[in-house]
Amino acid sequence: MKRLNKGIRGVFLHNCMVTPPAHRHKLCPKGKNSLCGWRRQQAGDLSEYDEKKKTHLYGEFYQLLLPIIDEFTSDLMLVKLSKGLHTDDLESLFRSVPSQH
């Protein structure tokens, strides 16, 4: 459940216009193979990455949505969510959330 919680929060935070970028990307997987362009750039990837060209939710939406994300990622809610899924669905869901070492 912890990885699922972190994955949901990471996707939410990644897509919000929260400054500085280090805060927005703190839950993104690290390294040159990350799906996050900012993290790849931090790992020395020389390809172009322009934070300003990305579409993000503005800070006001972050503040409005944060309580909903908090509720949605609570342990109780994640357990309820997982009970409605078949084991294969859960394994697929967990595989889709990148682990962060």
If I compare all heavy atoms of [X] with all of [Y], which pair ends up nearest, and what's the gap?
{"X": "W38", "Y": "P21", "answer": "NE1-CB, 3.6 Å"}
{"X": "N15", "Y": "V11", "answer": "ND2-O, 2.7 Å"}
{"X": "M17", "Y": "Y58", "answer": "CB-CA, 4.0 Å"}
{"X": "K32", "Y": "G44", "answer": "CE-C, 4.1 Å"}
{"X": "R39", "Y": "S34", "answer": "CB-OG, 3.8 Å"}

- Partners passing side-chain contact (heavy atoms from CB on, under 4.5 Å) against D45 (at least two apart in sequence or in another chain):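 D45 satisfies side-chain contact (heavy atoms from CB on, under 4.5 Å) with R40, S47 only.
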What distance separates [X] [atom1] from [Y] [atom2], expressed to the nearest 0.5 Å?
{"X": "L13", "Y": "I8", "atom1": "CG", "atom2": "CD1", "answer": "13.5 Å"}
{"X": "F72", "Y": "N5", "atom1": "CZ", "atom2": "CG", "answer": "10.0 Å"}
{"X": "H25", "Y": "Q41", "atom1": "NE2", "atom2": "CD", "answer": "9.5 Å"}

- Query: Mind checking whether R3 and K6 have side chains closer than 4.5 Å, heavy atoms only?
  - Reply: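 They are not in contact (no side-chain heavy atoms under 4.5 Å apart), so the answer is no.
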- Item | Close side-chain approach of H14 to L27, heavy-atom, < 4.5 Å |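 When only atoms from C-beta onward are counted, L27 and H14 do not touch, as no gap falls below 4.5 Å.
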- Within residues 68-78 or reaching into it, pairs that qualify as side-chain hydrogen bond (donor to acceptor under 3.5 Å, both in side chains) - sequence neighbours excluded: R9-D70, R9-T73
- Message: Check the orientation of Y62 and F12. Use parallel for under 30°, tilted for 30 to 60°, and perpendicular for over 60°.
- Response: parallel
